[in-house]
Amino acid sequence: LAKTTQPISMDSYEGQEVNITCSHNNIATNDYITWYQQFPSQGPRFIIQGYKTKVTNEVASLFIPADRKSSTLSLPRVSLSDTAVYYCLVAPNQAGTALIFGKGTTLSVSS
Amino acid sequence: NAGVTQTPKFRVLKTGQSMTLLCAQDMNHEYMYWYRQDPGMGLRLIHYSVGEGTTAKGEVPDGYNVSRLKKQNFLLGLESAAPSQTSVYFCASSSTGSRGNTEAFFGQGTRLTVV
């Protein structure tokens with residue numbers, strides 16, 4: 001499985017756009033990039049997934065450059081409730097794959 | 001729709017005692033996972049299962065055993081609890097849907113303390 005590297009922590013203020021970058025230099029051809037969000041005392045929840053270019057949903061956008069060696073999760077106009085840990089996972093979308101989480105990025109949003 | 005349910009939510013064990021954590025999912029998912037999360041740390045995979053009757057070791061399997069006798073249930077056992085196993089345990093499940101098995105659904109966690 002591809003190793004991922006993301007910042008340990010980030011700070012932001014309400015209303016700002018937050019971009020969290022994940023490096024995955026040894027990503028394989030059949031790997032997908034998936035981001036999860038975890039609030040304190042809760043299990044992680046799926047946010048967004050992509051393979052290449054840009055993916056957008058109601059929560060976030062995911063930008064993936066052509067070489068796919070990194071990806072950026074973009075949270076528009078964050079609020080206090082976006083304070084959480086964000087995990088980047090790189091894994092193939094196929095049977096038998098174990099989902100390995102790293103330490104994630106702790107985002108703290110202040111007013 | 002209950003999703004992924006973990007039982008119990010909290011437990012205190014004495015060193016050397018045994019216990020079983022139950023994870024149940026009602027989404028007919030093929031894959032199930034057990035993770036542990038220590039304070040300030042990410043999730044570490046203990047064991048996982050890709051289908052009924054199958055199990056595989058994850059990153060930190062020592063001291064734990066699992067069973068998947070029914071598709072909807074995944075049991076995590078501690079035969080002889082140690083203080084190092086004090087942690088929050090999360091169960092998850094996933095399918096081969098449009099996002100494949102990388103979209104996992106998590107339970108609410110079991111907080112285990114071993115004294």
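FYI, side chains are in, hydrogens and waters are out, and symmetry mates aren't considered; it's all heavy atoms of this structure. Below, chains carry the letters A, B, ... as their sequence lines are ordered, and counting in each starts from 1.
Looking at every heavy atom in both residues, A:L99 comes nearest to B:Y35 through O-OH, 2.6 Å. The shortest non-hydrogen separation linking B:M41 to A:Y87 is O-OH, 4.2 Å. Nearest approach of B:F106 to A:G43, heavy atoms of both residues: CB-CA, 4.0 Å.
Residue-environment remark: OH (B:Y64) exceeds the threshold of 12 foreign heavy atoms within 6.0 Å. More than 12 heavy atoms of other residues, nucleotides or ligands sit less than 6.0 Å from atom OH of A:Y51. The local environment of NZ in B:K71 is crowded, with over 12 non-hydrogen atoms from other residues, nucleotides or ligands closer than 6.0 Å. The environment of CD in A:Q16 is crowded: more than 12 heavy-atom neighbours from other residues, nucleotides or ligands sit within 6.0 Å.
Ranking B:G58, B:A104, B:G107 against chain A, the residue ahead of the rest is B:A104, based on heavy-atom pairs under 4.5 Å. Ranked by heavy-atom pairs under 4.5 Å with chain A, the first of B:V4, B:V50, B:L43 is B:L43. Between chain B and the residues A:P44, A:G102, A:G104, the most heavy-atom pairs under 4.5 angstrom are made by A:P44.
B:E59 touches chain A through its side chain: at least one heavy atom from C-beta onward sits under 4.5 Å away, while N, CA, C and O do not. Contact annotation for B:R44: neither backbone nor side-chain heavy atoms come within less than 4.5 Å of a heavy atom of chain A. The part of B:L45 that comes within reach of chain A is its side chain, from C-beta onward, which places non-hydrogen atoms under 4.5 angstrom from that chain. Heavy atoms closer than 4.5 Å to chain A are found nowhere in B:Q6, neither backbone nor side chain. Neither the backbone nor the side chain of A:T106 comes within contact range of chain B, judged by heavy atoms closer than 4.5 Å.
Residues A:F46 and B:Y33 fall within the same hydrophobic cluster, defined by Ile, Leu, Val, Met, Phe, Trp and Tyr side chains chained together at heavy-atom separations under 4.5 Å. A:F63 and A:Y36 fall into different hydrophobic clusters, where Ile, Leu, Val, Met, Phe, Trp and Tyr are joined by side-chain heavy atoms under 4.5 Å apart, directly or via other members. When the side chains of ILVMFWY residues are joined at heavy-atom separations under 4.5 Å, either directly or via intervening members, B:L75 and B:V88 end up in two distinct hydrophobic clusters. Hydrophobic clustering, with ILVMFWY side chains joined whenever heavy atoms are under 4.5 angstrom apart, groups B:Y89 together with B:L13. One hydrophobic cluster holds both B:V114 and B:I46 under the rule that ILVMFWY side chains link at heavy-atom gaps under 4.5 Å.
Between the CD atom in B:E103 and the CD atom in A:Q49 there is a gap of 7.5 Å [rounded to 0.5 Å]. Distance OG/A:S41 to CD/B:Q108: 11.5 Å, rounded to 0.5 Å. The CD atom of A:Q42 sits 8.5 Å away from atom CZ of B:F90, with the distance rounded to the nearest 0.5 Å.
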